[in-house]
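Worksheet for the structure shown next.
Computed from heavy atoms alone, side chains included, the values below leave out hydrogens, waters and symmetry copies. Please read all numbers here as calculations on a predicted model, not as lab measurements.
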Amino acid sequence: MNDQWYFFTENKGLTAVGQPPAGSRPFMQTSPELSARDRLPLHRSFATWGQHQRSPGIVTPQRIWLGQDDNVIFRFENGDRPTMQSAVGAHAGLAAWLVLLDKFVETQTLLTEAAQIWPVNDMAGALAFVSSAFLPRPLLSLAPNNWERVARSLSIHIANSPRQHVDARNAVSH
């Protein structure tokens, strides 16, 4: 029997349920709608994992469901559960999140939205993980092959950030 749980942020913590919440759908069923919807609630929901110091694990479309309330829901299998999140893990997860969404949303729009949620130091920390060496294989195999475009655009976005100085020490640790 497959031990499967769905975790999402709710109130001031994580909620676990054995079935996807009512009205939620797998990410790939909702992806065609991403360019036409307000994505800020999705960004906020994803960012909340880091605020709770929890890791949703590897960010791949096969593990993500989107709730009716724009909550990002992660599927865990085989007894896996969310773990404590390191700053490096948060930045790697953000990198994968940006690459995933960029497959369905115009890059500059995506980065402008993301900058409303994540400070430039977090975006700079994520940049280090936007490469084929660090991104999850299932994400890399999903067309289009966009990680280089995201890395290039993210570096330009960071360089043009209203903040004059990006503290590299704080980009990878808090």
Side-chain angles (χ1 to χ4, degrees), residues 7-9 14 27-28 30-64 66 70-74 82-174:
F7 282 83
F8 54 95
T9 57
L14 286 178
F27 180 85
M28 291 307 290
T30 62
S31 59
E33 305 162 11
L34 284 176
S35 63
R37 71 189 291 175
D38 179 9
R39 290 166 302 277
L40 282 177
L42 298 176
H43 286 297
R44 282 188 199 100
S45 176
F46 185 82
T48 302
W49 282 80
Q51 293 164 0
H52 289 300
Q53 300 294 314
R54 295 286 182 231
S55 173
I58 297 172
V59 178
T60 63
Q62 297 82 3
R63 293 191 60 237
I64 298 173
L66 298 181
D70 289 326
N71 213 345
V72 179
I73 304 159
F74 281 88
T83 59
M84 293 299 292
Q85 185 170 60
S86 68
V88 170
H91 293 139
L94 176 54
W97 176 249
L98 294 174
V99 170
L100 174 61
L101 291 183
D102 181 76
K103 292 178 183 292
F104 306 98
V105 178
E106 193 272 327
T107 306
Q108 285 313 118
T109 301
L110 172 67
L111 294 178
T112 299
E113 293 169 345
Q116 294 180 53
I117 306 300
W118 286 280
V120 70
N121 281 344
D122 286 343
M123 302 279 274
L127 178 59
F129 295 95
V130 181
S131 88
S132 61
F134 295 113
L135 292 167
R137 291 283 166 231
L139 184 57
L140 291 171
S141 65
L142 180 64
N145 185 1
N146 62 329
W147 70 265
E148 289 180 69
R149 177 182 66 227
V150 173
R152 198 171 24 260
S153 297
L154 187 54
S155 65
I156 292 167
H157 181 82
I158 292 164
N160 293 332
S161 172
R163 224 167 138 190
Q164 296 286 339
H165 173 71
V166 175
D167 184 346
R169 292 169 296 166
N170 289 330
V172 292
S173 65
H174 286 75

Can you tell if the side chain of [X] reaches within under 4.5 Å of the side chain of [Y], non-hydrogen atoms only?
{"X": "Leu154", "Y": "Thr107", "result": "no"}
{"X": "Phe74", "Y": "Pro82", "result": "no"}
{"X": "Val72", "Y": "Phe8", "result": "no"}
{"X": "Ser153", "Y": "Gln108", "result": "yes"}
{"X": "Thr109", "Y": "Arg39", "result": "yes"}
{"X": "Met84", "Y": "Gln53", "result": "yes"}

Begin with the C-alpha distance, continue with both residues' side-chain angles, and end with the deciding distance and a verdict on side chain to side chain contact (heavy atoms under 4.5 Å, CB included) for Leu34 and Leu42.
CA-CA 10 Å; Leu34 284 176; Leu42 298 176; 3.7 Å; yes
Distance from [X] atom [atom1] to [Y] atom [atom2], nearest 0.5 Å?
{"X": "Trp147", "Y": "Arg152", "atom1": "CH2", "atom2": "CZ", "value": "9.0 Å"}
{"X": "Phe7", "Y": "Arg63", "atom1": "CZ", "atom2": "CZ", "value": "10.0 Å"}
{"X": "Leu111", "Y": "Ser155", "atom1": "CG", "atom2": "OG", "value": "10.0 Å"}
{"X": "Arg54", "Y": "Thr83", "atom1": "CZ", "atom2": "OG1", "value": "8.0 Å"}
{"X": "Thr30", "Y": "Glu33", "atom1": "OG1", "atom2": "CD", "value": "6.0 Å"}
{"X": "Leu139", "Y": "Trp97", "atom1": "CG", "atom2": "CH2", "value": "11.5 Å"}

Using a distance-only test with no angle check, is there a side-chain donor-acceptor pair under 3.5 angstrom linking Trp118 and His43?
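Absent: no donor and acceptor within the cut-off.
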Of all heavy-atom pairs between [X] and [Y], which one has the smallest distance, and what is that distance?
{"X": "Thr60", "Y": "Pro136", "value": "CG2-CB, 3.7 Å"}
{"X": "Glu113", "Y": "Leu40", "value": "O-CD2, 3.5 Å"}
{"X": "Pro61", "Y": "Met28", "value": "CB-SD, 3.7 Å"}
{"X": "Gln62", "Y": "Pro138", "value": "OE1-CB, 3.7 Å"}
{"X": "Pro32", "Y": "Ser35", "value": "O-OG, 4.3 Å"}
{"X": "Ser132", "Y": "Arg137", "value": "O-NH1, 3.5 Å"}

Go through the steps to decide whether Leu127 and Ile158 satisfy the test side chain to side chain contact (heavy atoms under 4.5 Å, CB included), and finish with yes or no.
CA-CA 9 Å; Leu127 178 59; Ile158 292 164; 4.0 Å; yes
Qualifying residue for side chain to side chain contact (heavy atoms under 4.5 Å, CB included) with Val99, from Leu110, Leu94, Val130:
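Option passing the side chain to side chain contact (heavy atoms under 4.5 Å, CB included) with Val99: Val130.
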Answer yes if the ring centres of Phe104 and Phe27 are under 6.0 angstrom apart, and no otherwise.
yes
Enumerate the residue pairs fulfilling salt bridge (Lys or Arg N to Asp or Glu O under 4.0 Å) with a member in residues 93-104, sequence neighbours excluded, ordered by first and then second residue.
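As it turns out, the salt bridge (Lys or Arg N to Asp or Glu O under 4.0 Å) pairs with a partner in residues 93-104, which skip direct neighbours, are Asp102-Arg149.
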Would you say CG of Leu14 has more than 12 non-hydrogen atoms from neighbouring residues, nucleotides or ligands within 6.0 angstrom?
yes
Taking Ser45's backbone N and O only, do any of them form a donor-acceptor pair with Asn71's side chain (distance below 3.5 Å, no angle check)?
no
Walk me through whether Ile117 and Arg44 qualify under side chain to side chain contact (heavy atoms under 4.5 Å, CB included).
CA-CA 7 Å; Ile117 306 300; Arg44 282 188 199 100; 3.5 Å; yes
Quick one, Asp70 with Leu66, criterion side chain to side chain contact (heavy atoms under 4.5 Å, CB included). Give me CA distance, side-chain angles, the key distance, then yes/no.
CA-CA 6 Å; Asp70 289 326; Leu66 298 181; 6.0 Å; no
